[in-house]
A.B. asks: 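Let me begin by handing over the structure; questions about it come next.
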Protein chains: 2
Amino acid sequence: MITIEHIKKKLIEKGIKPTYPRVRIYQVLSDNGGHLTADFIFKEIRKDIPTASRTTVYNTLSSFVEVGLVDEILITGTEARYEIKRRNHHHFLCKKCGGIFDIDIKCPLAQGEYSRVRGHLIQEIHGYFKGICKDCLKKAELEREEHEKDDREVSE
Amino acid sequence: MITIEHIKKKLIEKGIKPTYPRVRIYQVLSDNGGHLTADFIFKEIRKDIPTASRTTVYNTLSSFVEVGLVDEILITGTEARYEIKRRNHHHFLCKKCGGIFDIDIKCPLAQGEYSRVRGHLIQEIHGYFKGICKDCLKKAELEREEHEKDDREVSE
DNA sequence: TTTAATTTTGTAATGATTACAATTGAGCAT
DNA sequence: ATGCTCAATTGTAATCATTACAAAATTAAA
Ligand SMILES: [Mn+2]
Ligand SMILES: [Mn+2]
Ligand SMILES: [Zn+2]
Ligand SMILES: [Zn+2]
């Protein structure tokens with residue numbers, strides 16, 4: 001639970017005027033875990049600011065990303081996800097339920113910031129996995145067992 | 001330069017009927033290096049098949065990805081890129097020129113296929129960097145030198 | 001050749017994001 | 001307080017990649 005004052009300070013530090021919509025957008029990002037869509041944030045701040053526009057959400061997120069307050073994550077192919085910048089980490093996208101999970105693994109990729117590869121200047125490092133998440137695996141397992149039971153009953 | 005026959009064999013192996021548009025799409029992927037957009041492929045096969053439709057390109061790419069012949073790369077946030085599947089490798093996206101480069105680094109990520117992380121079943125591994133590519137760095141450097149010269153001349 | 005199944009095509013719809021002009025609001029000078 | 005200027009916000013329209021879907025064409029089977 002970050003305080004409004006703390007948020008304001010963070011924005012000012014980065015040269016962003018802490019208007020109410022901007023502070024609220026940061027607060028939504030802070031209070032709802034990571035990997036939020038612009039649409040989720042929009043609906044959330046609409047509760048407080050019924051006149052808020054999608055454009056403001058997009059503009060604000062862009063400037064947050066630009067100054068390095070927020071990371072933009074492109075995994076799903078349909079919509080960008082946003083989360084407050086923290087130590088570099090990877091992600092896992094479940095192809096079944098669409099869930100995105102943080103994966104904290106030690107990886108040479110995520111070591112020194114702003115290094116080089118093959119002469120190219122690195123500014124961002126992204127790593128992610130796709131597959132079936134733990135929960136969906138368990139669910140599938142249970143369903144399989146159900147089917148087996150059904151089959152047994154039918155063949156009786 | 002892969003032969004048509006070789007392409008046909010590859011498609012059949014994966015259960016895909018090697019129609020002419022499909023073979024051509026695979027050939028375009030094969031002949032033009034990696035990271036192609038659907039639009040590029042569309043325009044390319046239009047040269048041979050003036051009636052070809054975008055839908056066919058999208059459908060074909062989807063089935064290629066589905067059977068594991070092709071990888072879909074989501075880096076730019078605007079359009080998917082496609083390349084024939086090969087040994088797992090990372091990518092570098094230049095924020096200046098938009099170029100995408102292969103980065104072959106040994107990374108624990110890209111080791112065993114179909115492993116697990118935190119109980120989640122891994123089916124795909126993606127890693128990429130964003131920054132300024134070698135060429136764009138050099139170009140910027142040259143421009144900087146030009147400006148310095150200008151400044152000197154002005155102050156003379 | 002007739003028929004059925006598959007593939008391709010063309011066009012319309014979708015949906016996230018961006019462009020942009022009009023409106024609002026904050027801060028400052030009168 | 002009033003008006004002024006600049007920045008922020010809003011609302012709406014445009015963009016653009018991708019998908020949906022039905023009609024037309026092609027292929028394979030009978
Ligand atoms: Mn995260
Ligand atoms: Mn590649
Ligand atoms: Zn899942
Ligand atoms: Zn470049």
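A note on names: the letters A, B, ... follow the listed sequences, proteins ahead of strands, and every chain is numbered from 1.
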A.B. asks: Do the side chain of Arg54(B) and the main chain of Asp39(B) share a donor and acceptor less than 3.5 angstrom apart?
C.D. replies: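 Side chain of Arg54(B) to backbone of Asp39(B), a donor-acceptor pair under 3.5 Å: no, none is there.
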A.B. asks: Under 4.0 Å between a side-chain N or O of Tyr58(B) and OP1 or OP2 of dT19(D)?
C.D. replies: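 No, Tyr58(B) has no side-chain N/O under 4.0 Å of OP1/OP2 on dT19(D).
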A.B. asks: Given atom CG of Leu74(A) and atom C1' of dA17(D), what is their separation to the nearest angstrom?
C.D. replies: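 My rounded result for the distance is 14 Å.
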A.B. asks: Any side-chain heavy-atom pair from Ser30(A) and Ile7(A) closer than 4.5 angstrom?
C.D. replies: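 They are not in side-chain contact.
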A.B. asks: Using a 4.0 Å cut-off on protein heavy atoms (strictly under), produce a 5'-to-3' string for nucleotides 9-16 of chain D with B for base contact, S for backbone-only sugar-phosphate contact, and - for none.
C.D. replies: SBBB----
A.B. asks: How close or far is atom C1' of dT19(D) from atom CD of Glu79(B), stated in whole angstroms?
C.D. replies: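 For the pair Glu79(B) CD and dT19(D) C1', the rounded distance is 17 Å.
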A.B. asks: Find the distance Phe40(B):CZ to dT18(D):C1' and express it as a whole number of Å.
C.D. replies: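 Checked: the CZ to C1' distance equals 20 Å.
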A.B. asks: When the distance from CG of Asp39(B) to P of dA17(D) is rounded to whole Å, what number comes out?
C.D. replies: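 My rounded result for the distance is 7 Å.
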A.B. asks: Rounded to the Å, how far apart are Arg24(B) CZ and dT7(C) C1'?
C.D. replies: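 After rounding, the reported distance stands at 18 Å.
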A.B. asks: Taking the ring centre of each residue, are Phe129(A) and His120(B) less than 6.0 Å apart?
C.D. replies: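 No, too far apart.
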A.B. asks: Categorize Thr78(A) for me: base, sugar-phosphate, or nothing, with a 4.0 angstrom heavy-atom threshold over every strand shown.
C.D. replies: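 Sugar-phosphate: the residue Thr78(A), judged by heavy atoms under 4.0 Å, touches backbone atoms but no base.
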A.B. asks: If I take atom CZ in residue Phe42(A) and atom P in nucleotide dT18(C), what distance separates them, rounded to the nearest angstrom?
C.D. replies: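 Rounded to the whole Å, the gap is 16 Å.
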A.B. asks: Would you call the rings of His35(B) and His91(B) parallel, tilted or perpendicular, where under 30° means parallel and over 60° means perpendicular?
C.D. replies: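 It falls in the perpendicular class, over 60°.
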A.B. asks: Looking at Lys96(B) and Asp135(B), is there a salt bridge between them, counting it only when a charged N and a carboxylate O are closer than 4.0 Å?
C.D. replies: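 No.
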A.B. asks: Roughly how many Å is it from CZ in Arg81(B) to C1' in dA17(D), rounded to a whole number?
C.D. replies: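 From Arg81(B) CZ to dA17(D) C1': 12 Å.
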A.B. asks: State whether Glu141(A) and Arg144(A) are salt-bridged, where the test is any N-O pair (Lys NZ or Arg NE/NH1/NH2 against Asp/Glu carboxylate O) under 4.0 Å.
C.D. replies: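 A salt bridge is present here (some side-chain N lies under 4.0 Å from a carboxylate O).
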A.B. asks: Between C1' on dA8(D) and CG on Leu11(A), what's the gap in Å once rounded to a whole number?
C.D. replies: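 That distance rounds to 14 Å.
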